[in-house]
Amino acid sequence: MKPFTNKSFLKLLDFTGDEIEYLVDLALKMDGYKDRGGPCAGKNAALIFEKTSTRTRCAFEVACADLGINTVYLDSSTSQLGKKESVKDTARVLGAMFDAMCYRGFGQERVETLAEYSGIPVWNALTNESHPTQIIADFAVIKKTFGTLKGVNLVYFGDARYNMGNSLMVGAAKTGMNFTACCPKEYMPSDELVSLCKEMSLRNGGSVNFTEDPKEAAKIADVIYTDVWVSMGEPDEVWSKRIKDLLPYQVNMDVINSSNVKIVLHCLPSFHNLETDIGLNVYKKFGLKELEITDEVFEKFSGSIFEEAKFRLLSIKAIILATLTPDDHDPFDKN
Ligand code: CP
Ligand code: NVA
């Protein structure tokens with residue numbers, strides 16, 4: 001089963017649970033995989049980043065190099081995108097020059113427009129609403145740990161309305177996991193997405209749940225997931241309310257000690273100490289040394305958290321291979 005050829009990878013809602021799991025399984029086999037002279041060799045990919053990135057950009061650059069794909073990096077400060085040229089026009093220009101592109105930026109509609117007007121596969125490298133390549137990496141770590149996705153209890157602490165909460169909920173609902181968002185009600189994904197995911201999870205043997213009680217959530221968790229409280233592109237003014245609302249949902253040792261959790265995951269970057277400019281500014285203003293996760297928990301579970309970061313490369317390589325090779329190409333058949 002490989003229905004990805006020449007398709008874009010824009011959001012998990014576009015794929016079935018089996019298709020998502022196919023990519024997870026392929027990512028699990030990608031360690032050390034290189035095929036610089038294979039079917040991707042000589043292709044060209046544009047990597048568009050309207051927001052900053054360490055993991056995702058490096059994963060795309062290294063994955064492309066390992067598959068023989070030439071890359072051109074574009075950001076908003078050095079290209080016409082946004083200020084002087086519309087997304088639609090940019091799509092038509094790049095579509096004529098490249099075989100594929102990735103896009104990181106703001107609204108989901110931008111990446112959807114790029115795919116619609118470029119006519120080439122577009123990979124979503126993060127939008128406000130979704131971060132699908134991250135989920136393939138996260139689920140690879142979960143499957144490696146538990147041997148399955150089905151029935152695994154994934155609890156998300158924090159702002160579940162943004163890209164990570166949305167995408168984890170959709171991915172879990174598609175693959176039969178039990179997803180719980182642990183946050184104040186206003187930080188839940190939209191009612192529309194929650195009811196769609198509830199329906200899908202019923203069909204796939206999982207569930208979608210919500211609680212405002214961190215101890216109750218911790219009790220059921222096999223995997224605890226958290227992300228920053230203020231995402232890229234949000235104004236600094238939101239910190240004060242976020243801290244007030246989300247501090248009770250910090251992943252700290254009280255949460256861990258109330259649970260039998262096996263792994264903690266964080267997409268990174270994370271504010272778990274004072275070694276970042278933003279972390280230091282928040283400390284000066286609000287007196288908090290650690291935010292969404294404490295340093296103790298972060299270091300205790302650093303094995304799973306940094307394995308997740310490593311899987312960004314492996315999962316992006318899997319996605320590129322699946323979308324840019326013909327349906328009958330077996331990456332492991334060297335004949
Ligand atoms: N997790 C993630 O997407 O990291 P970057 O912002 O560094 O790409
Ligand atoms: N929610 C975070 C995810 C970073 C990978 C952000 O959008 O900044």
Side-chain angles (χ1 to χ4, degrees), residues 9-12 27 47-64 71 73-76 102-108 110-111 123-142 156-171 181 183 187-190 193 225-236 238-239 242-243 245-246 249-251 264-272 275-279 281-282 291-293 298 301-302 304-320:
F9 191 71
L10 302 176
K11 58 185 182 302
L12 296 179
L47 310 181
I48 307 173
F49 283 77
E50 291 199 283
K51 287 177 178 170
T52 51
S53 168
T54 296
R55 272 146 294 272
T56 314
R57 176 183 174 183
C58 292
F60 271 106
E61 298 257 16
V62 174
C64 284
T71 56
Y73 178 78
L74 293 158
D75 63 25
S76 339
C102 84
Y103 170 81
R104 164 171 287 201
F106 298 90
Q108 180 72 18
R110 290 168 84 79
V111 77
W123 308 299
N124 179 351
L126 177 147
T127 59
N128 295 344
E129 292 82 1
S130 64
H131 196 6
T133 65
Q134 176 75 49
I135 306 304
I136 303 302
D138 300 340
F139 284 12
V141 178
I142 294 173
Y156 182 90
F157 283 75
D159 183 358
R161 301 167 302 186
Y162 223 73
N163 39 30
M164 287 314 307
N166 287 341
S167 301
L168 285 165
M169 180 173 72
V170 173
C183 55
Y187 290 84
M188 278 290 285
S190 70
L193 190 61
Y225 202 114
T226 190
D227 180 21
V228 291
W229 292 338
V230 176
S231 286
M232 285 181 280
E234 294 197 281
D236 283 349
V238 302
W239 271 110
R242 290 291 161 81
I243 288 174
D245 292 345
L246 295 176
Y249 300 91
Q250 180 187 61
V251 177
V264 172
L265 297 178
H266 190 312
C267 53
L268 301 177
S270 157
F271 300 120
H272 59 95
E275 292 169 24
T276 64
D277 291 350
I278 293 179
N281 284 342
V282 170
L291 299 177
E292 75 278 359
I293 185 168
F298 186 89
F301 290 94
S302 57
S304 53
I305 292 171
F306 287 102
E307 180 164 55
E308 188 186 0
K310 169 181 160 181
F311 266 105
R312 297 304 311 288
L313 170 62
L314 310 184
S315 59
I316 283 173
K317 208 178 270 185
I319 293 162
I320 294 175

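Since we're looking at a predicted model, the values are computed, not measured. Each ligand, and each atom within it, is numbered from 1 in the order the structure gives.
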Engineer: Taking only residues two or more places apart in sequence or in another chain, which ones pass side-chain hydrogen bond (donor to acceptor under 3.5 Å, both in side chains) with Thr226?
Structural biologist: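 So Thr226 forms no side-chain hydrogen bond (donor to acceptor under 3.5 Å, both in side chains) with any residue.
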Engineer: I'd like to know if Leu268 contacts ligand 2, where contact means a heavy-atom distance under 4.0 Å to any ligand atom.
Structural biologist: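 The answer is yes: ligand 2 sits under 4.0 Å from a heavy atom of Leu268.
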Engineer: Of all residues at least two apart in sequence or in a different chain, which pass the side-chain contact (heavy atoms from CB on, under 4.5 Å) check with Arg161?
Structural biologist: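 Applying side-chain contact (heavy atoms from CB on, under 4.5 Å) to Arg161 gives Asp159, Tyr187, Arg242.
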Engineer: What does the list of residues with a heavy atom under 4.0 Å from ligand 1 look like, ordered by chain and number?
Structural biologist: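 Within 4.0 Å of ligand 1, protein side: Ser53, Thr54, Arg55, Thr56, Arg104, His131, Gln134, Cys267, Leu268, Arg312.
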Engineer: Under the criterion side chain to side chain donor-acceptor pair (under 3.5 Å), which of Asn128, Asp75, Thr56, Thr127 is the partner of Lys51?
Structural biologist: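 Testing Lys51 for a side chain to side chain donor-acceptor pair (under 3.5 Å) against Asn128, Asp75, Thr56, Thr127 leaves exactly one candidate, Asn128.
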Engineer: Is the centre of the Phe60 ring less than 6.0 Å from the centre of the Trp123 ring?
Structural biologist: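 Aromatic pair counts; centres sit under 6.0 Å.
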Engineer: Please say whether His131 places an N or O atom under 3.5 Å from an N or O atom belonging to ligand 2.
Structural biologist: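 Between His131 and ligand 2 (N or O atoms, distance only) the closest approach is not under 3.5 Å.
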Engineer: Does an N or O from Asp227, backbone or side chain, lie closer than 3.5 Å to an N or O of ligand 2?
Structural biologist: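 Checking ligand 2 against Asp227, an N or O pair does fall under 3.5 Å apart.
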Engineer: For atom 6 (C) of ligand 2, which candidate among Cys267, Pro269, Ser231 provides the closest heavy atom?
Structural biologist: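 Answer by nearest heavy atom: Ser231.
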Engineer: Do me a favour and list the nearest non-hydrogen protein atom to atom 4 (C) of ligand 2 with residue, atom name and distance?
Structural biologist: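 Answer for atom 4 (C) of ligand 2: Leu126 CD1, 3.9 Å.
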Engineer: Only one of Arg57, Arg104, Arg110 forms a salt bridge (Lys or Arg N to Asp or Glu O under 4.0 Å) with Glu50, so which one is it?
Structural biologist: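 Option passing the salt bridge (Lys or Arg N to Asp or Glu O under 4.0 Å) with Glu50: Arg110.
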Engineer: So, Phe157 versus Tyr225, ring centres under 6.0 angstrom or not?
Structural biologist: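 No, ring centres 6.0 Å or more apart.
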Engineer: Near Met232, which atoms of ligand 2 are under 4.0 Å from a heavy atom of that residue?
Structural biologist: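 This gives 6 (C), 7 (O), 8 (O) as the contact atoms.
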Engineer: Is there a side-chain contact between His266 and Asp227, using heavy atoms and a 4.5 Å cut-off?
Structural biologist: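 Side-chain contact under 4.5 Å: yes.
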Engineer: Just to verify, what does Thr52 make a side-chain contact (heavy atoms from CB on, under 4.5 Å) with, not counting sequence neighbours?
Structural biologist: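 Here the qualifying residues are Met232.
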Engineer: Check whether the ring centres of Phe271 and Phe298 lie less than 6.0 Å apart, and answer yes or no.
Structural biologist: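 No, the ring of Phe271 stays outside the 6.0 Å limit from the ring of Phe298, centre to centre.
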Engineer: With no hydrogens and no angle check, is any side-chain donor or acceptor of Asn166 less than 3.5 Å from a backbone partner on Glu129?
Structural biologist: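 Checking the backbone N and O of Glu129 against the side chain of Asn166, a donor-acceptor pair under 3.5 Å is found.
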Engineer: Would you mind listing which atoms of ligand 2 come within a distance below 4.0 Å of any non-hydrogen atom of Asn163?
Structural biologist: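 Selected atoms, number and element: 1 (N), 2 (C), 3 (C), 6 (C), 7 (O).
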Engineer: Under 3.5 Å between any N/O of Arg104 and any N/O of ligand 2: does that happen in this structure?
Structural biologist: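 Not met; the criterion fails.
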